[in-house]
Protein chains: 2
Amino acid sequence: MIPVYGKVKADLMTDVSDALYLPRFLPYRLTKLAGAVSRSIAGLYSEMFDLTIPEWRIVAILGSHPGMTARDIGPLASLDKVSMSRAIDRLVKAGRLEKRAVTADRRAAALYLTKSGHDVLHRIKPLAQEYEDRLLDDFTVEEIEQLDDFLNRLDAKADELTEFTGKIEEIAG
Amino acid sequence: MIPVYGKVKADLMTDVSDALYLPRFLPYRLTKLAGAVSRSIAGLYSEMFDLTIPEWRIVAILGSHPGMTARDIGPLASLDKVSMSRAIDRLVKAGRLEKRAVTADRRAAALYLTKSGHDVLHRIKPLAQEYEDRLLDDFTVEEIEQLDDFLNRLDAKADELTEFTGKIEEIAG
DNA sequence: AAAAAGTAGTTTCATTTGCAACTATATGCG
DNA sequence: CGCATATAGTTGCAAATGAAACTACTTTTT
């Protein structure tokens, strides 16, 4: 390892002023919160039902929209086609999902929950909802509505800002 | 207007289907938002400075707290020791960081930004802050404070709820 | 109707990540 | 002191993820 007690070089000294206070930085906070929530809820799905989050999302969507194709579910679940393909594959193998041919397009498959798939959904749903309820336990209804609004607005802005970072990246080459 | 979360939903509509409406499910929304924000900002760091998010976090923290060890930074940056080790390694190799022996504990290394490390921090910081500013562009000061409060409360709750999911997992075996 | 272009979904391959084991040092305790 | 336990940080390996190529089919163009 490095010099035991070298002189402190001038250029290694820091001015505190130019730093950014990470714990207050919104992108960091969002990532951290989402990570914490994701981890605990993912644990729930996987331990109890051997489901990943993508799989769970697909099951949840098919619960209310049976017969959708992978292509249609993808955007709703924010999953790209590779994740879709893999998740569906696992679900089919686990007997939770059934593929049926679509006559209009032989590349696509209409997806349906099997009995076992419905079962999983039935059993997870109350847990997922209890988790969500607890997360919002000490929020008032007005606060929940406000949070909802904030998230919608941030979401829209984030999409919009992809453009901003894109532009900067162009400049950077 | 569409029903919000469990609480509100229960009032406004009897949830006839057994499915769960994903686009309104808070864990999903948080993950999606964090993902969108992360992706765009990560693009920014990596394209311009070849920095990953963990690396950026470490640089940001060392900017205001030079001389910290990996162990101390980890919790602040929400990074486990493996991520820390790898990120530090890359930063040192890129000449952004210097390790110095800690006399009190020969296992640990005190970390300092080099000239080049400071440089990176100086150049990213305004971009990161502009990104954050834009994200919050049409939020009033009061709304920002409220958002801040919401995030704090959700964060605390999420930590608390790890216990809840933990318990369920135990039951599930 | 044949050629070209586009799309649904899969597979391959390279990279990233996460866990467990490991090294080296430090601390606690009989 | 000397042995057991704990901790800082690293490494190796296996699984997850992402980008790009690929297959099979469909739509558009000429």
Side-chain angles (χ1 to χ4, degrees), chain A residues 1-2 4 31-32 34-36 38-40 42-43 45-47 50-58 61-62 67-94 97-112 162 169, chain B residues 31-32 34-36 38-40 42-43 45-47 50-58 61-62 67-93 97-112:
Chain A
M1 239 230 297
I2 324 293
V4 176
T31 303
K32 182 168 173 273
S38 260
R39 257 189 313 281
S40 56
Y45 304 150
S46 74
E47 291 293 320
D50 187 34
L51 276 199
T52 64
I53 285 187
E55 285 163 38
W56 148 249
R57 289 188 191 165
I58 292 169
I61 289 172
L62 286 174
M68 283 188 114
T69 65
R71 188 200 120 71
D72 295 330
I73 296 171
L76 295 180
S78 303
L79 295 170
D80 61 67
K81 62 185 186 168
V82 177
S83 309
M84 284 299 300
S85 175
R86 299 206 252 239
I88 290 167
D89 193 52
R90 254 180 59 92
L91 286 168
V92 169
K93 276 177 183 144
L97 217 74
E98 194 182 291
K99 287 182 176 185
R100 294 195 209 143
V102 172
T103 42
D105 186 340
R106 278 187 294 167
R107 293 167 306 181
L111 302 170
Y112 295 87
T162 305
E169 282 160 30
Chain B
T31 304
K32 184 169 172 272
S38 259
R39 258 190 311 281
S40 57
Y45 303 151
S46 74
E47 290 293 321
D50 187 34
L51 275 198
T52 64
I53 286 187
E55 285 162 39
W56 149 248
R57 289 189 192 162
I58 292 168
I61 289 172
L62 286 174
M68 282 188 114
T69 65
R71 190 199 120 70
D72 295 330
I73 296 171
L76 295 181
S78 305
L79 295 171
D80 62 67
K81 63 185 186 168
V82 177
S83 309
M84 285 299 301
S85 175
R86 299 206 249 240
I88 289 168
D89 194 52
R90 255 181 58 91
L91 285 168
V92 168
K93 277 177 182 144
L97 219 73
E98 194 182 292
K99 288 182 176 183
R100 296 200 208 137
V102 172
T103 41
D105 186 341
R106 277 188 296 167
R107 293 167 306 180
L111 302 169
Y112 295 85

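Note on Arg106(B): a side-chain N or O is less than 4.0 Å away from OP1 or OP2 of dA26(C).
Nucleotide dA15(D) holds its C1' atom 16 Å from the CD1 atom of Ile53(A), rounded to whole Å. Rounded to an integer number of Å, the gap from CZ of Arg90(A) to P of dT10(C) is 15 Å. Here the P atom of nucleotide dA21(D) and the CG atom of Asp80(A) are 16 Å apart, to the nearest Å. If you measure from atom CZ of Arg39(A) to atom P of dC19(C), you get 10 Å, rounded to the nearest angstrom. With rounding to whole Å, Ile73(A) atom CD1 is found 17 Å from dT7(C) atom C1'. Here dA16(D) presents its P atom at 18 Å from OH of Tyr45(A), a figure rounded to the nearest Å.
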Exercise. Tell me, for nucleotides 9-14 of chain D in 5' to 3' order, what letter each nucleotide earns: B for a base near a protein heavy atom under 4.0 Å, S for only sugar-phosphate near one, - for neither?
Worked result: BBBB--

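Scanning both residues, Leu111(A) and Ala70(A), for their nearest heavy atoms gives CD1-N, 3.9 Å. When all heavy atoms of Val102(B) and Ala110(B) are compared, the pair lying nearest together is CG2-N, 3.5 Å.
The shortest side-chain heavy-atom distance between Leu76(A) and Met68(A) falls under the 4.5 Å cut-off.
The distance from atom CD of Glu55(A) to atom CG of Leu97(A), rounded to the nearest 0.5 Å, is 9.5 Å. Atoms CZ and OH, on Arg100(A) and Tyr112(A) in that order, are 5.0 Å from each other to the nearest 0.5 Å.
For the side-chain contact (heavy atoms from CB on, under 4.5 Å) test with Leu79(B), the passing option among Ile88(B), Ile58(B), Ile61(B) is Ile58(B); the others fail.
Remark on DNA chain D: of its neighbouring residues Asp105(A) and Pro54(A), the 5'-side contact belongs to Pro54(A), judged by nearest-heavy-atom nucleotide.
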